[in-house]
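Below is one structure, written out as structure tokens; the observations come after it.
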Amino acid sequence: MMISDKMKVAAKCCNLFFTTTSFLLLISGLGVHSLDYDYSATIECMKEPQRAQYGGGIIVNSEFEHNIEGWTVFGNGKIEEHISNDGNRFIVVRNRTQTLDSFSQKVQLKKGLIYMFSAWFQLNEGSDMVSVVFKTNGSELIHGGHVIAKHGCWSLLKGGIVANFSTPAEILFESNNPSVEIWADSVSLQPFTKEEWRSHQDNNIERVRKRKVRFHVTHVNETALEGATIIIKQTKSDFPFGCGMNHYILTNNDYQKWFVSRFKYTTFTNEMKWYSTEKIQGQENYTIADGMLLFTKQNGISVRGHNIFWDDTKYQPEWVKSLSPDELREAAEKRIKSVVSRYKGDLIAWDVMNENLHFHFYEDKLGKNASESYYLKSHELDPKSTKFMNEYNTIEYSGDKDASPANYYKKISEILQSGEATEMPFAIGLQGHFASGQPNLAYMRSGLDFLGDIGFPIWLTETSVDPQPEQAKYFEEILREGYSHSAVEGIIMFAGPAQAGFNSTLLADANFQTTSTGQVVDNLIYEWGTGPKTILADSRGIVDISLHHGDYDVTVTHPLTQYSKKLNISVRKGFSQENIHVKMHA
């Protein structure tokens, strides 16, 4: 029997995945209570496709071992099975005339389930974006994910949908170029319940955000001290979880107290943007941004710079819109030197060219390499701050091809194509502005999987949810999804209190009473480590606890004499248990 390269690649991949996952689950003390999620993804175009995830899930004949059984043609074209020189079987649609002409399969979607899709694609020539489309209710088309497929190698499309109602659905595939053949293999559609999805989050949080710590409390003679009280209070989290801030912070004492009591990371929502600092050409005014930065310094709050440029014509300073290319080049050079030099050393990051997947004001005026040149210039002026792309709809809306994870990666490659860019600290900024309705957590997670394979840190930079009755519930789902994913290294919410002008994702009302959405945030802040924990040592003098990564103040108190000892500990990433021995005087 011939063993195809697909089987060989899969064996190597899956052995590694199983070994790593099983090891991490064992040392974290976690049991497997549901179907594990496969976080694997790749940005590479492979010689042969890997095996279908989850054995294909509910897809019939996912690896085409039975010719094209279970598959039919949609629209025009002809479908057939091909076999590679290495014996790998896959499906092909040719003689296409429309973008949606493809092979298809019908499935039954069940309300409330989360469906993960994956498949490998290749074209017979050139390259083009291929999308998976779910056709429901007879005519409604829902995009579930996208990949840039090429000739000569296989690319992984990973995506999915959440079923808001039970319905038959037809899985289709779309390519904007109807003249190319679409090849596919290892097609999978795996449903998960929301309980299973939450278990993935909880297990991953335990694995990537926490570490087991054992306190062993004894008398000086090292006999166990049963009943000793241990109070643990986090003083600093290793995970940046912050909130947008605006100019009201300078004049509103209640806003100041509210913010400082919760957050150590922020982004100024508008005050550093060009249209805020130079409303009239040649008249720069950084007074408000300077005042806000002073406030953050005084309160130990780290700041992301937002933004140097915005690629949307609508958000240029009015006087910039009418400049000639030469005048714009001169004005932009002055702008970047002014703002980056002014705040050098004060900011942890810069959004350099905001939303340059959707818009291209600077590229249209100054050439296709405009973004690349400004990233390089910002790095030259401030080499220590991390330089971000910052884009919307990459994880929140599967219908936006322009901002798809595949196009995001393509843009990163263009920006970093210069050898000068190799030393630049770079990161992926995903705004995360979610519209009303159930968020597509399958698309969000699959996007994080794909972008995580690039290797740069990922931040959710402007997370929000449109007002709706279930806003609090959906906001919690989104924040948990981000926090639980190993590729995400920070979250900033664009949310806040009514007195500061926030009206979309409202965390406190006009009287600074916590809203239901604000309560979700407060609960997560507590859950993710800052809430004090009080525990009694057992008969062995031992307390075992799993702590989120960060710094802690610990107070250990003798059960009889009330003698106390204070400790400062740091819990960092690591899979071995950390042991702390505390000797108590009588």
Side-chain angles (χ1 to χ4, degrees), residues 242 244-247 249-250 265-298 301-323 325-356 359-363 365-366 369-391 415 420-421 424-427 429 431 459 461-462 492 494:
M245 176 191 293
N246 64 29
H247 64 91
I249 203 78
L250 298 177
Y265 290 85
T266 193
T267 300
F268 300 167
T269 54
N270 288 300
E271 289 76 9
M272 283 187 176
K273 293 173 181 173
W274 197 359
Y275 63 62
S276 295
T277 63
E278 194 177 359
K279 296 178 181 179
I280 300 173
Q281 187 173 11
Q283 297 183 23
E284 292 183 325
N285 186 344
Y286 289 101
T287 304
I288 294 175
D290 287 351
M292 292 173 67
L293 193 60
L294 177 60
F295 172 81
T296 60
K297 285 181 179 179
Q298 291 171 339
I301 299 168
S302 298
V303 180
R304 296 182 68 258
H306 177 71
N307 50 55
I308 300 174
F309 297 113
W310 199 337
D311 229 353
D312 188 348
T313 303
K314 181 168 58 175
Y315 294 111
Q316 307 306 316
E318 282 300 320
W319 59 270
V320 166
K321 298 176 183 179
S322 59
L323 296 179
D326 287 342
E327 290 169 336
L328 176 60
R329 186 174 286 105
E330 182 180 351
E333 184 75 9
K334 181 173 177 287
R335 157 67 178 175
I336 194 169
K337 285 182 179 178
S338 173
V339 71
V340 178
S341 299
R342 185 181 193 88
Y343 296 123
K344 179 180 179 181
D346 293 328
L347 306 177
I348 61 172
W350 267 115
D351 294 328
V352 179
M353 183 64 77
N354 203 41
E355 298 175 358
N356 56 352
F359 308 106
H360 36 80
F361 174 80
Y362 291 90
E363 286 76 9
K365 295 274 190 176
L366 305 178
N369 294 329
S371 283
E372 177 194 357
S373 66
Y374 290 127
Y375 276 89
L376 292 173
K377 186 64 178 179
S378 65
H379 176 59
E380 175 189 324
L381 294 168
D382 183 4
K384 292 187 177 180
S385 64
T386 302
K387 308 308 184 295
F388 275 77
M389 274 184 63
N390 191 46
E391 195 55 75
I415 290 171
E420 301 172 65
M424 183 194 308
F426 191 87
Q431 292 181 12
W459 282 51
T461 54
E462 304 180 15
I492 303 290
F494 266 27

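When a residue number appears, it is its place in the shown sequence, counting from 1.
Of the possible polar contacts, one joining the D311 side chain to the F361 backbone as a donor-acceptor pair under 3.5 Å is found. Put simply, the side chain of S338 never gets that close to the backbone of K334: no donor and acceptor are under 3.5 Å apart. In terms of modelled atom types and a separation under 3.5 Å, the side chain of E391 and the main chain of N356 share a donor-acceptor contact. No donor-acceptor pair under 3.5 Å is formed between the side chain of W274 and the backbone N or O of A332. A side-chain donor-acceptor contact under 3.5 Å links E271 to the backbone of H247. At least one donor-acceptor pair under 3.5 Å links the side chain of S276 to the backbone N or O of N270. In this structure, R335 contributes its side chain and I308 its backbone to a donor-acceptor pair below 3.5 Å.
No side-chain heavy atom of T267 sits less than 4.5 Å from a side-chain heavy atom of W459. Between K273 and F268 the shortest side-chain heavy-atom distance does not fall below 4.5 Å.
Among all heavy-atom pairs drawn from M272 and G305, the shortest one is SD-CA, 4.1 Å.
For the atom pair CE (M245) and CD1 (I492), the distance works out to 10.0 Å, reported to the nearest 0.5 Å.
Not counting sequence neighbours, the partners of E380 by the salt bridge (charged side-chain N to carboxylate O under 4.0 Å, His left out) test are K377.
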